[in-house]
J.: 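This is the structure I want to talk about, given as structure tokens.
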Amino acid sequence: FYSAEDADSEGEEGKFYVWTPDEIEAVLGKEDGRVFGELYGVTPHGNFEEGKSILHLKADLPYSLQAFGKDLAWWEKARAQMREARAKRPRPHLDDKILTAWNALLISALALGWQVLGEEDYRKAAQKAADFLTQNLFDNGRLLASYRKGPSHVQAYIDDYAFLQAALLDLYESTFDLSYLKKALLLESEMTRLFWDGAEGGFFFTGSDQKDRDRLLTRSKEAYDGVIPSGNSVAALSYFRLARLTGKAEYRQKAEAILKCFSGSLAQGASNFARMLQAFQFDFDGPAEIFVAGPRAQSEPILRALWKKFLPSKVLVFAEESQMKDLAGLAPWVEGRGPLPGGKPAIYVCRDYACQLPVGEADRALELLGLV
């Protein structure tokens, strides 16, 4: 994904995107233009500058179309005509550099969107973006920060590493492709080697091998979660997740060390550290380990039911019988647990790896999780 597009074109803010009632009627005709304008909140007074409006649906689309006596086919045709007319306008400048950190954040968002909404395009886009980063943004094993007509020479910072690691974990829990979990674990070792403060805990923003590092007065450590979260906050949550996925105590210890490092700042202004608090709550709530074992086709409805329920303090793993050995190599706690008799899917709901008896229905698993 490219990083940005200008807001202005031809020297005017938003000119490419905004509309007046007259401009819409010139494209769609008087009656259809009036309906389209009302549908998208376009008025003579406008909601932007100089009587112009940013299009926005004022209410639920099917309900609004019914109220105007129109159907979805009419809307799709009208929207296509409007997009065709807009395409003739000078387009704002596109900043076509590809940033590792921002792409990773979007991959996580798309993975979550796929889980909750079931939009196949979201999953495909997330995987394609992740594959691009892993194939093009490494130089001899060192992650790079950006790409434009080729990889840059700027070495990645902790944000790039932490956000990509979280994205890979999100993709694993969205696809159950073990390659994503393995890549996340490889990033962990590199993050520790390059950025970890062994004396006081937490990750430095720059790597120990950073180019021109001798010109820096100090190596800073950031934790503030602003417009985007900090690398330390995202890493803390990922380490708690990795601890639950793999059963390795050292990952939890590292997450706790991050929280301890920034505990003074958290105490003074906790609202400035939303993602770090999320990491704390993930561990404090006693996260659930959920394992689904069985044929993928039969397990899909179970996975979808689990995805759709809001349960942030959990890890979710899945394996068909042929994948059990590989999964157990990374998550030993699943060993010895398999499908129900007859090969039917089994759902194991565990806390601290103490598992309830397996169940075969999603509703029963949700009961065990306290979600129904």
Side-chain angles (χ1 to χ4, degrees), residues 99-113 115-116 156-170 173 184 187-188 191-192 194-207 216-246 248-290 307 309-316 351-352 369-371:
L99 299 175
T100 301
W102 290 7
N103 268 264
L105 289 173
L106 187 49
I107 290 166
S108 288
L110 288 168
L112 181 61
Q115 291 180 22
V116 176
Y157 304 97
I158 188 57
D159 288 7
D160 303 287
Y161 274 87
F163 296 174
L164 181 55
Q165 182 188 53
L168 292 169
L169 291 177
D170 291 331
E173 291 198 34
L187 282 178
E188 187 282 324
M191 287 163 63
T192 298
L194 295 170
F195 299 95
W196 185 250
D197 181 356
E200 298 186 19
F203 288 104
F204 292 113
F205 184 71
T206 55
L216 298 173
L217 294 176
T218 184
R219 294 176 72 193
S220 63
K221 283 190 286 186
E222 301 291 339
Y224 172 71
D225 297 321
V227 175
I228 61 174
S230 72
N232 272 289
S233 295
V234 173
L237 180 54
S238 292
Y239 272 94
F240 278 131
R241 293 171 70 186
L242 283 172
R244 290 292 165 176
L245 283 166
T246 65
K248 291 186 177 181
E250 57 261 39
Y251 293 147
R252 185 172 186 270
Q253 291 165 2
K254 193 158 284 184
E256 289 179 330
I258 295 173
L259 296 182
K260 184 178 180 181
C261 176
F262 298 105
S263 59
S265 298
L266 282 164
Q268 292 175 7
S271 61
N272 295 316
F273 306 92
R275 183 61 68 88
M276 192 164 287
L277 288 175
Q278 185 183 349
F280 168 79
Q281 187 172 14
F282 178 94
D283 184 62
F284 183 81
D285 283 349
E289 304 96 25
I290 308 171
W307 278 331
K309 285 292 183 178
F310 182 66
L311 183 62
S313 295
K314 74 171 189 309
V315 292
L316 176 62
R351 302 271 183 183
D352 288 326
L369 291 163
L371 295 175

J.: Any chance you could measure L187, atom CG, to S238, atom OG, to the nearest 0.5 Å?
T.: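 Separation between the atoms: 10.0 Å.
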J.: I need the minimum non-hydrogen distance between A236 and A255, along with the two atoms involved.
T.: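 That closest heavy-atom pairing would be O-CB, 3.5 Å.
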J.: Go through the steps to decide whether F203 and D197 satisfy the test side-chain contact (heavy atoms from CB on, under 4.5 Å), and finish with yes or no.
T.: CA-CA 6 Å; F203 288 104; D197 181 356; over 6 Å; no
J.: Applying side-chain contact (heavy atoms from CB on, under 4.5 Å) to W307 and L316, what does each step give before you reach the verdict?
T.: CA-CA 9 Å; W307 278 331; L316 176 62; 3.7 Å; yes
J.: Which atom names give the shortest non-hydrogen contact between S233 and A279, and what distance separates them?
T.: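 The answer is O-CB, 4.3 Å.
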J.: At their closest point, which heavy atom of G201 faces which heavy atom of W196, and how far apart are they?
T.: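 The pair with the smallest heavy-atom distance is CA-CZ2, 3.8 Å.
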J.: For G231, does its backbone N or O pair with a side-chain atom of D159 as donor and acceptor, under 3.5 Å?
T.: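 Here the side-chain-to-backbone pair exists.
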J.: Where the side chain of S313 meets the backbone of P287, is there a donor-acceptor pair that is under 3.5 Å apart?
T.: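 Between the backbone of P287 and the side chain of S313 there is no qualifying donor-acceptor contact (under 3.5 Å).
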J.: Just so I know, are the side chains of L311 and I290 near enough to count as touching, which here means a heavy-atom distance under 4.5 Å?
T.: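 Side chain of L311 against side chain of I290, heavy atoms only: contact under 4.5 Å found.
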J.: T246 side chain to L242 main-chain N or O, any donor-acceptor pair under 3.5 Å?
T.: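 Judged by distance alone, yes, a pair lies under 3.5 Å.
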J.: We want to know whether Y239 and E188 form a side-chain donor-acceptor pair, criterion being a heavy-atom distance below 3.5 angstrom.
T.: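 Present: a donor and an acceptor within the cut-off.
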J.: State which residues pass ring pair (Phe, Tyr, Trp, His ring centres under 6.0 Å) with F280; sequence neighbours excluded, sorted by chain then number.
T.: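 Here the qualifying residues are F284.
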J.: Keeping S263 on the side-chain end and K260 on the backbone end, is there a donor-acceptor pair under 3.5 Å?
T.: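 Confirmed, S263 side chain pairs with K260 backbone.
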J.: For A111, does its backbone N or O pair with a side-chain atom of D170 as donor and acceptor, under 3.5 Å?
T.: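 Answer holds: no.
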J.: How about R244 and Y251: do any of their side-chain heavy atoms sit closer than 4.5 Å?
T.: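 No. Closest side-chain heavy atoms not under 4.5 Å.
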J.: Can you tell me how far apart CG (L259) and CG (D283) are? Round to the nearest 0.5 Å.
T.: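 Atom-to-atom, L259:CG and D283:CG are 8.0 Å apart.
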J.: Walk me through whether N103 and F163 qualify under side-chain contact (heavy atoms from CB on, under 4.5 Å).
T.: CA-CA 9 Å; N103 268 264; F163 296 174; over 6 Å; no
J.: Give a yes or no answer on whether the side chain of D225 reaches the backbone of A274 with a donor-acceptor pair at less than 3.5 Å.
T.: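 The answer is yes, because a donor-acceptor pair under 3.5 Å joins these two groups.
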J.: What pairs with R351 under salt bridge (Lys or Arg N to Asp or Glu O under 4.0 Å), at least two apart in sequence or on another chain?
T.: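 Expected list: none.
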J.: Which atom pair, heavy atoms only, marks the closest approach of A167 to S108?
T.: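 In this case the closest contact between A167 and S108 is CA-OG, 3.3 Å.
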J.: Using modelled atom types and a 3.5 Å cut-off, is there a donor and acceptor pairing between side-chain atoms of Q165 and backbone atoms of A184?
T.: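 Between the backbone of A184 and the side chain of Q165 there is a qualifying donor-acceptor contact (under 3.5 Å).
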J.: Measure the spacing between NZ of K254 and NZ of K248 and express it to the nearest 0.5 Å.
T.: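 Reported to 0.5 Å precision, the distance equals 11.5 Å.
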J.: Just to verify, what does Y161 make a ring pair (Phe, Tyr, Trp, His ring centres under 6.0 Å) with, not counting sequence neighbours?
T.: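 Residues passing ring pair (Phe, Tyr, Trp, His ring centres under 6.0 Å) with Y161: F195.
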J.: Any side-chain heavy atom of K221 sitting closer than 4.5 Å to one from F262?
T.: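 Contact flag for K221/F262 side chains = yes.
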J.: Taking all non-hydrogen atoms of both residues, which atom of A223 and which atom of S230 are closest, and how far apart?
T.: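 Taking every non-hydrogen atom into account, O-OG, 3.1 Å.
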J.: Using a cut-off of 6.0 Å, state whether more than 12 heavy atoms not belonging to K314 lie near its atom NZ.
T.: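 Yes, NZ of K314 has more than 12 neighbouring heavy atoms, counting only those of other groups under 6.0 Å.
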J.: Within the side chain of D160, is there an N or O that forms a donor-acceptor pair under 3.5 Å with the backbone of A101?
T.: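 Yes, D160 side chain to A101 backbone: donor-acceptor pair under 3.5 Å.
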J.: Any donor and acceptor pair, going by atom type alone, linking the side chain of R219 with main-chain N or O of T206 inside 3.5 Å?
T.: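 Judged by distance alone, yes, a pair lies under 3.5 Å.
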J.: Within the side chain of E289, is there an N or O that forms a donor-acceptor pair under 3.5 Å with the backbone of D352?
T.: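 Looks like yes, one N/O pair under 3.5 Å.
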J.: Take F273 and S265 through the test side-chain contact (heavy atoms from CB on, under 4.5 Å) and record every step on the way to the result.
T.: CA-CA 9 Å; F273 306 92; S265 298; 3.5 Å; yes
J.: Working to the nearest 0.5 Å, report the span between CG of L99 and CG of L106.
T.: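 Here the interatomic distance stands at 12.0 Å.
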J.: About how many Å separate CG of L237 and CG of L277, when rounded to the nearest 0.5 Å?
T.: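 Interatomic distance, L277 CG to L237 CG, rounded to 0.5 Å: 11.5 Å.
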J.: For the atom pair CZ (F240) and CD1 (I258), what is the distance rounded to the nearest 0.5 Å?
T.: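 One gets 8.5 Å once the value is rounded to the nearest 0.5 Å.
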J.: side-chain contact (heavy atoms from CB on, under 4.5 Å) with P229: which of M276, R275, E222?
T.: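 When side-chain contact (heavy atoms from CB on, under 4.5 Å) is applied between P229 and each of M276, R275, E222, only R275 qualifies.
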J.: Going by heavy atoms in the side chains, are L169 and L245 under 4.5 Å from each other?
T.: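 Yes, side chains in contact.
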